[in-house]
Amino acid sequence: MRSNSAKTRAVSMAAALPMIAGALALGIPAAHAADSPARNALKGTKPLWATAKADKGATSNGAQVKARVYLAGRDAAGLAAYAKAVADPSSPSYGKYLSAKQAQTRFGATKAQVAAVRSWLTSAGLKVTEVTQHYVAVSGDVASAEKAFGTQLHNYAKGSKTYRAPAQAASVPAGLKGTVLTVTGLDSAPHKADHDDTLPPPDAVFKNAGPFSSYYGSKTASTLPDAYGTKLPYAVKGYTGKQLRSVYGAGKYTGKGVRVAITDAYASPTIAFDAGTYAAKNGDKAWKTGQLHQSLPANFTRTDECKASGWYGEETLDVEAVHAVAPDADVTYVGAASCYDDNLLDSLSKVVDNHLADIVSNSWGDVEANQTPDLAAAYDQVFQLGAVQGIGFYFSSGDDGDQVANTGTKQVDTPANSAWVTAVGGTSLAVGKGDKYLWETGWGTTKSSLSADGKSWTNFPGAFTSGAGGGTSSTVAEPYYQKGVVPDSLAKANNASGNRVVPDIAAIADPNTGFLVGQTQTFPDGSQQYSEYRIGGTSLAAPTIAAVQALAQQAAGGKAIGFANPSIYAKFGKKGVFHDVTDNPTGHGLGVVRVDYANGLDATGGLLYSVRTLGKDSSLSATKGYDDVTGVGSPADGYVASYAKNNSKKH
């Protein structure tokens, strides 16, 4: 996943925050750790790569460890059950949400539980550095960590590097069974997220070269060679809010009275200026004073490792896309201190603990193989605490199709694979004259460049470059709401009992039929100027769907939709609610001609011509009905309106 940067003022504050954990595969608890009567093993805390063959010996006793002990709360099973009940339209508890305080009182850890965890950790010689509603953070030497968690820490070779990891699954005293959810930080392999977008390189200006279409097919590349037996249209300059609102059934709704949060890492110093300028230039409603908020940590860390400025473009896209589609929604940007999971979890927890919004857009993730049961448990707990309050989380499904070209392994992205979030897939979108919806395909791009003599497209249709993430999880069981909708051929691809399939719903993502965004960028002369370019990725799909959900919540009279998947799947098959997206909507091959500046800025370095085909997503296919590129499809004219109908029946 590439990243963009608006080079603005450098953000280079450093602080010693707890390092993320992050085993890179499922851990198998050692038998003796699980069988000990005085200890309770924490499954998933020993990574699969920590093998006897890779073992390089014990970690030095004096080496330092930073860890987080996540608290299970007073009723973990009850939390999951209530989260399901309030989200299920067929449940008598549907929509009976709790306040943040009620959720903490009913499901959070008790003072006695926190005290017991602190006592256990300090008695082993560890120092408690932070206590929150969700975890107790500690630091100390390896010897103290080994004593606390009942496991030796060894060094293991992983690829060309060496990382520390538990030699057996970590465990806690039997008396703390049910109190401790998991521990992260015992292994030192990096575990972090990338933002899901298709963007130019960090720090430098990027502009698209023309010619452009103003709507799909408005300008044909008549002087260039045929493809698919015809002259192809030039790529659009970038769709705007007016076009997206029209094709996704916004109607009269604007998101008024609805709060949307956006989480990413870091914070663009020019976001208010950029968002305001973009709205004014592109026909969006002006931002009201106090409509855009930022909630930021005291310090940022790992700014070089995470390429902090690359996240500025992500934030800019998310904020501008939400406002373009839901111009009256209140928007809060919550920036994480780094791209590491513990910091991203903190941002999500901040939204939940303070109920900053009902709808949360998240355009970042990692591959499932890099997720571990310990972190999955910590994420799911936050998502469940959100669900009981009526908060729904929307995650982009990824930009590398089935991930084979990127990682060599067919897999889905995480946290989009969680059964407690709405995974948003991607489409290529054709908006016609008068903002009319023409069609969508599953987003999947192959690229073929113009030959040197200008008479043909080289190796047409070319190699796969990017596409909507999707497929079948290897680790998450099939959730109840997917049963009967997701075909068994997908659900049971990895497991006879069925697994979670991604995505759930989809929207515009293809950067070749993308969205116009405006951002302050650094020009070759060092100046910082506002500039606009076309952008895509499921990074665009996630905030677009979050904004559509804001419209739907307004249509429902302001009643929170909460965790949306049970409602989304319940609407599947109803007339006019979803566009059923397929890869071949017109009956013939589809593509656009794209023209790029060789230097990313102007014509002085020459122009690059290419055909980008539409609807060719690695091994994934957008088919009739549910599929693993677009889920149930994209919102049609009846989608937002369907929430108003539901509302009138209930009241």
Side-chain angles (χ1 to χ4, degrees), residues 15-23 27 29-30 32-34 36-47 50 58-74 76 104 107-154 163-189 191 340-343 345-346 349 353 372-375 377-379 381-382:
L17 288 190
M19 183 174 173
I20 186 65
H32 70 267
S36 167
R39 308 283 298 183
N40 184 61
L42 300 172
K43 292 182 180 179
T45 48
K46 181 194 174 187
T59 306
S60 162
N61 277 343
Q64 294 298 298
V65 174
K66 290 180 179 178
R68 283 186 181 186
V69 176
Y70 281 90
L71 304 164
R74 69 194 76 198
Q104 182 61 26
F107 300 114
T110 65
K111 286 181 179 177
Q113 287 176 319
V114 175
V117 169
R118 285 188 73 135
S119 174
W120 152 58
L121 293 167
T122 54
S123 67
L126 293 170
K127 180 186 176 186
V128 172
T129 56
E130 187 183 11
V131 179
T132 74
Q133 292 174 200
H134 303 281
Y135 61 81
V136 177
V138 291
S139 65
D141 58 25
V142 162
S144 300
E146 289 179 336
K147 182 179 176 184
F149 297 105
T151 178
Q152 291 185 314
L153 298 178
H154 281 207
Y163 297 110
R164 181 191 70 232
Q168 306 89 27
S171 62
V172 300
L176 292 175
K177 183 177 182 179
T179 295
V180 174
L181 179 71
T182 190
V183 57
T184 65
L186 295 183
D187 86 67
S188 60
H191 186 87
Y340 273 59
D341 279 87
D342 276 355
N343 296 139
L345 268 164
D346 286 346
S349 296
D353 296 346
T372 46
D374 53 348
L375 280 164
Y379 272 113
Q381 184 188 58
V382 175

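Note that the structure is predicted; figures quoted are calculated from it, not measured.
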Answer whether the closest heavy-atom distance between the side chains of Val183 and Tyr70 falls below 4.5 Å. no
Does the Arg39 side chain pair with the main chain of Ser171, one donor and one acceptor, at a distance under 3.5 Å? yes
In terms of heavy-atom contacts, Gln133 and Leu71 come closest through O-CD1, 4.0 Å
Residues Val65 and Val142: closest non-hydrogen pair is CG2-CG2, 3.8 Å
Heavy atoms of Asp342 and Arg68 approach each other most closely as O-NH1, 3.3 Å
In this structure, CG of Leu176 is separated from OG of Ser119 (nearest 0.5 Å) by 9.0 Å
Flag the pair Val131 / Arg118 as yes when at least one side-chain heavy-atom distance between them is below 4.5 Å, and no otherwise. yes
- Do side-chain atoms of Gln64 reach the backbone of Gly62 as a donor and acceptor pair under 3.5 angstrom? yes
Within a strict 4.5 Å, meaning less than it, do heavy atoms of the Leu126 and Phe149 side chains meet? yes
Does either side chain, that of Gln168 or that of Gln152, offer a donor lying less than 3.5 Å from an acceptor on the other one? no
Is there a donor-acceptor pair under 3.5 Å between the side chain of Trp120 and the backbone N or O of Ala148?
yes
Of all heavy-atom pairs linking Pro166 and Lys46, the shortest is O-CG, 3.3 Å
Original post:
Do the side-chain N and O atoms of Ser144 and Asp141 include a donor-acceptor pair separated by under 3.5 angstrom?
Top reply: yes
* Is there a donor-acceptor contact under 3.5 Å from the side chain of Ser139 to the main chain of Lys66? -> no
Do we see a donor-acceptor contact under 3.5 Å between the side chains of Asp374 and Tyr379?
no
Separation between CG (Leu375) and CG (Asp341), nearest 0.5 Å, reads 5.0 Å
Between Tyr163 and Ala189, the two heavy atoms sitting closest are CD2-CA, 3.5 Å
message = Would you say His134 and Asp346 are linked by a side-chain donor-acceptor pair, where the criterion is simply a distance under 3.5 Å?
response = no
The reported gap from OH in Tyr340 to OG1 in Thr184 (rounded to nearest 0.5 angstrom) is 13.0 Å
Value for CD (Glu146) from CG (Leu186), rounded to nearest 0.5 Å, stands at 10.0 Å
* Asked: Does atom CZ of Arg74 have more than 12 heavy-atom neighbours from other groups under 6.0 Å away?
  -> yes
Report yes if the side chains of Val180 and Val117 come closer than 4.5 Å at any heavy-atom pair, otherwise no.
yes
Tightest non-hydrogen contact, residues Thr151 and Ala167, listed as OG1-N, 3.5 Å
- Report the C-alpha distance between Arg164 and Asp187 in whole Å, list the side-chain angles of each, state the deciding distance to 0.1 Å, and finish with yes or no for salt bridge (Lys or Arg N to Asp or Glu O under 4.0 Å). CA-CA 5 Å; Arg164 181 191 70 232; Asp187 86 67; over 6 Å; no
